[in-house]
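A quick note: this is a predicted structure, and the numbers were derived from the prediction, not measured.
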Amino acid sequence: MKRRSGLSTAFAALVGAAGLALSTLAAAPAVADPGSSAPGTSQKAAAQGRQAAAGFWACTVPAGKTYSQVDRRLNQCNPNGWGYSYYVVDPADSLWACTVPSGYTYSQADRRLNVCNANGWGYSYYLKVPRDGLWACTVPPGFTYDQSDRRLNQCNPNGWGYSYRIRG
C-alpha cells in the first residue's frame, strides 16, 4: 500500500472542501425578497411579491423580465474566468428588483451591498404597478401627476429626491 505525503493529503482535502463549497453555492437559491418591505406596504402585497420572485439563475436577462440579484461566478457565464449570473424573475407589484421594467414604476429605491452589483454597492427598486393615486418615484407613460413631494432617502437613497402622486 502506497502512503501519501502530508502535502498531498492536505491538497486532496482542500480540493474536496472547495468542490463541496462551490456545489452548495451553485445550488443555493437567491433570496426572493432581498430586503424588507417598503414602509406602509401590506403583508399581503409583500407575500405576493415574494411568491412572484420565484425565478432562476441565468447569464442574461430576457426581455420582459427583471432580476433581483447578481452574482459573480467563476467559469459559469464566462468559460475563461469570472462572469455574472442574474437571478431572473417576473416583474411583480411589491417586489425589490435591480431594474424597473416597462409597465412598472417604483415607490422606493435603496442602495445595497452586493445585491444588484456583485462588486459593491448597487441600487434596488421597490416595483409598483402604476395606478391612480400612487405615490411613485417616476411618472410612467400614460399617467400624469397632481402633486410632488421632496423626500429624504425615499426615491434617492443618497439624499433628497422627488415623489409624485400619479393620476391616470
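Note that CZ of Arg111 and SG of Cys116 are 12.5 Å apart. Values are rounded to the nearest 0.5 Å. One distance of note links CD of Gln108 with CG of Asn156; it measures 12.0 Å at 0.5 Å rounding. Note that SG of Cys155 is 12.5 Å distant from CH2 of Trp160, once rounded to the nearest 0.5 Å. Taken from CH2 in Trp96 to CG in Asp110, the straight-line distance is 5.0 Å, to the nearest 0.5 Å. A distance of 8.0 Å separates CD of Gln69 from SG of Cys98, quoted to the nearest 0.5 Å. Atom-to-atom distance recorded for Arg165:CZ and Asp149:CG is 11.5 Å, nearest 0.5 angstrom.
Here the side chains of Ser94 and Lys128 are in contact, with some heavy-atom distance below 4.5 Å. At a threshold of 4.5 Å between non-hydrogen side-chain atoms, the residues Pro130 and Phe143 count as touching. With a 4.5 Å cut-off on side-chain heavy atoms, Asp71 and Trp57 count as touching. Two residues are said to be in side-chain contact when any heavy atoms from C-beta on lie closer than 4.5 Å; Ile166 and Pro140 meet this criterion. Annotation: side chain of Tyr84 is not in contact with side chain of Arg73 (no heavy-atom distance under 4.5 Å). Taking the side chain as every heavy atom from C-beta outward, Lys65 and Val89 never approach each other to under 4.5 Å. The closest side-chain heavy-atom distance from Pro62 to Val88 is below 4.5 Å. In this structure, Pro101 and Leu127 have side chains that are in contact, with non-hydrogen atoms separated by less than 4.5 Å.
Here the shortest heavy-atom pairing between Ser124 and Arg112 reads OG-CD, 3.5 Å.
Without hydrogens or angle criteria, Thr144 side chain to Arg167 main chain gives no donor-acceptor distance under 3.5 Å. The backbone N or O of Cys59 lies less than 3.5 Å from no partner atom in the side chain of Ser85, so there is not a single donor-acceptor pair. Formation of a donor-acceptor pair under 3.5 Å by the Tyr67 side chain with backbone atoms of Ala97 is not found in this model. Panel note: side chain Gln154, backbone Ser107; a donor-acceptor pair is recorded below 3.5 Å.
Under the 4.5 Å side-chain heavy-atom criterion for Ile, Leu, Val, Met, Phe, Trp and Tyr, Phe56 and Val70 are members of the same hydrophobic cluster. Cluster annotation: Tyr125 and Val129 are assigned to the same hydrophobic cluster (Ile/Leu/Val/Met/Phe/Trp/Tyr, side-chain heavy-atom contacts under 4.5 Å, transitive). A continuous path of hydrophobic side-chain contacts links Tyr106 to Tyr104 [ILVMFWY only; heavy atoms under 4.5 Å]. In the hydrophobic cluster analysis, where Ile, Leu, Val, Met, Phe, Trp and Tyr join through side-chain heavy atoms closer than 4.5 angstrom, Val100 is grouped together with Leu95. In the hydrophobic clustering of this structure, Leu134 groups with Tyr162; members are Ile, Leu, Val, Met, Phe, Trp, Tyr whose side-chain heavy atoms approach within less than 4.5 Å, directly or through other members.
The closest side-chain donor-acceptor pair between Asp93 and Tyr126, if any, does not fall under 3.5 angstrom.
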